[in-house]
Amino acid sequence: MLARVDSTNAEAARLAPGNAGPVWILAAEQTAGRGRRSRSWSSPPGNFHATLAFHPEGTAAEVALHSFAASLALRDALVALTGLPASFALKWPNDVLLNGGKLAGILLESLGRGAGVSHLAIGIGVNLIAAPAAADLDPDALPAVTLLGETGLRIAPQALLDHLAPAMAERIAQLSHGFGALRADWLAHAARLGQPIRARTGQTTRHGTFETIDDTGALILTTSEGRTAIPAAEVFF
Amino acid sequence: MSKHSAEADVAFISALAELLNKNDLTEVSVKREYGENDSLEVRVVKQSNIVQMTATAAAPAIAHAPAATATPAAATVANEDPAQHPGAVTSPMVGTVYLSAEPGATPFVGVGATVTEGQTVLIIEAMKTMNHIPAPRAGVVKRILVSDGTPVEYGAPLMIIE
């Protein structure tokens, strides 16, 4: 547990060379919290910012499936703490939504080594009590919500970690037996399945129906040009 | 005498060039028979350091173009396949490639840059996992074979480091 850090993923990268086993880094505050493509992630005290760092087995493509394990584990922990299973949904690939708003973001960073990776950092940010204003977000993004605002529940970061750490260990163990069961669980909680969505990769935005995810985790979108598998994109509703 | 105009030929050739770019091909050759002693043979080739691995997959789209028969571009680049180059860094996964840490930032490396073993040379993203790809050996970046923000296939050559 750190009082203050630039980012828990950055701390994980610094620790990686000497770090043997899985380790959780929880920070009360991040001064340079990051999201996808180095977008800033608002990280005031009272919110949850933590990273799980470890040395995963498997190919780089298999390691990327930890995205689904992480979002399911976070949902498991939040459901256990709130008793509100119907309120939480998952947005491809790993956002956790509460009442349709963005509650949490997960960013995984790995360092490649041959066909596999030498270490993986799973960074998780949860808006427990505070969320950025709409003006500070992508105009197409979902509204940001807080656990406190939506449920009236005030959960301490350490209490969330106490539930998240075992949930994550369980989901990662599940993934070690293959993606099948994890994929089915993820799809059972997926937001907008069978509905129209937009997927933006670089300058390209594709409109289509969110059919499913395939056995590599890729988003399967049916567009006017047919079915397409998308391994990386930002999804908009 | 040609029964079709030179203007039509030019329009046809520019349409082919457009097709080439649109489908990320490196070469298209077409022969059109207009009648006895009247045919047009065109070969459009793109010189580029960027080798698009979508070329083979894109080729069937050409087959549907009116009156066009195409040679898959893969056949023309096979002789100098960068994936077979001893200094090639290949993609360990399907995903999107990024040449810098964030949009608009200085790229990790440029052509001519000296790199040390283990230094991050690019990132490949899949499922919101940012996989930092290290230089497999120390050397000089000779070629960068991908552009920022574009899709890459498993095994695709990304960079040549010698």
Side-chain angles (χ1 to χ4, degrees), chain A residues 9 13 16-17 34-40 56 59-71 91-95 105-123 186 200-204 213-214 216-219 225 228-235, chain B residues 22-24 52-54 57-58 60-61 64 83 88-108 115-137 146-156 158-159 161:
Chain A
N9 268 22
R34 287 177 293 123
R36 190 173 168 274
R37 303 296 291 134
S38 297
R39 216 168 283 155
S40 82
T59 64
E62 287 162 358
V63 169
L65 296 174
H66 282 88
S67 226
F68 301 98
S71 56
K91 173 172 170 277
W92 189 90
N94 64 16
D95 280 341
I106 300 178
L107 178 71
L108 295 86
E109 294 184 281
S110 58
L111 181 62
R113 186 178 56 195
V117 313
S118 60
H119 81 270
L120 175 67
I122 305 177
W186 192 92
R200 186 169 76 196
T201 305
Q203 303 300 315
T204 310
I213 59 173
D214 70 11
T216 69
L219 173 74
E225 292 168 1
T228 169
I230 302 174
E234 266 182 279
V235 169
Chain B
K22 201 175 150 195
N23 292 288
D24 289 328
Q52 298 285 352
M53 295 311 289
T54 51
H64 302 301
V89 180
T90 57
S91 179
M93 64 203 290
V94 176
T96 295
V97 65
Y98 299 107
L99 300 178
S100 61
E102 58 188 286
T106 314
F108 294 111
V115 295
T116 54
E117 185 182 335
Q119 178 184 340
T120 295
V121 292
L122 46 80
I123 287 176
I124 297 178
E125 176 188 16
M127 321 307 149
K128 220 161 144 189
T129 302
M130 299 291 173
N131 193 16
H132 296 242
I133 307 299
R137 66 192 74 83
V146 287
S147 18
D148 189 60
T150 56
V152 289
E153 294 297 325
Y154 174 79
L158 306 167
M159 213 172 259
I161 297 174

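Order of the sequence lines sets the chain letters (A, B, ...), proteins ahead of strands, with each chain counted from 1. As a basis for the values below, the full set of heavy atoms in this structure was taken, side chains included, without hydrogen atoms, waters or symmetry mates.
Contacts between P136(B) and chain A at a heavy-atom distance below 4.5 Å are absent for every atom of the residue. Residue I106(A) touches chain B through its backbone alone, counting heavy-atom pairs closer than 4.5 Å. Neither the backbone nor the side chain of T90(B) comes within contact range of chain A; no heavy atom of the residue lies under 4.5 Å from a heavy atom of that chain.
For the atom pair N131(B) CG and L111(A) CG, the distance stands at 7.5 Å (nearest 0.5 Å).
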Practice task
Start with the C-alpha distance between M130(B) and L107(A), add both sets of side-chain angles, then the distance that settles side-chain contact (heavy atoms from CB on, under 4.5 Å), and finish with yes or no.
Solution key: CA-CA 8 Å; M130(B) 299 291 173; L107(A) 178 71; 4.1 Å; yes

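Among A232(A), S110(A), G112(A), the residue with the largest count of heavy-atom pairs under 4.5 Å with chain B is S110(A). The choice from A105(B), G118(B), G149(B), P134(B) that makes the most heavy-atom pairs within less than 4.5 Å of chain A is P134(B). Heavy-atom pairs under 4.5 Å with chain B were tallied for G202(A), S118(A), G217(A), G114(A); the largest tally goes to G217(A). Highest contact tally toward chain A, considering only E125(B), H132(B), M127(B), is held by M127(B) [criterion: heavy-atom pairs under 4.5 Å].
Partner of T129(B) under the side-chain contact (heavy atoms from CB on, under 4.5 Å) criterion, out of L65(A), I122(A), L108(A), N94(A): L108(A) alone.
The closest side-chain heavy-atom distance from M93(B) to T216(A) is not below 4.5 Å.
When every heavy atom of K128(B) is checked against every heavy atom of S67(A), the shortest pair comes out as CB-OG, 4.2 Å. The two residues A115(A) and P92(B) come nearest to each other via the heavy atoms O-CB, 4.2 Å. Here the shortest heavy-atom pairing between S38(A) and E102(B) reads CB-CB, 3.4 Å. Closest heavy-atom contact between P231(A) and G95(B): CG-CA, 3.9 Å.
For R113(A), the CZ atom is loosely surrounded, since the number of other residues' heavy atoms within 6.0 Å does not exceed 12.
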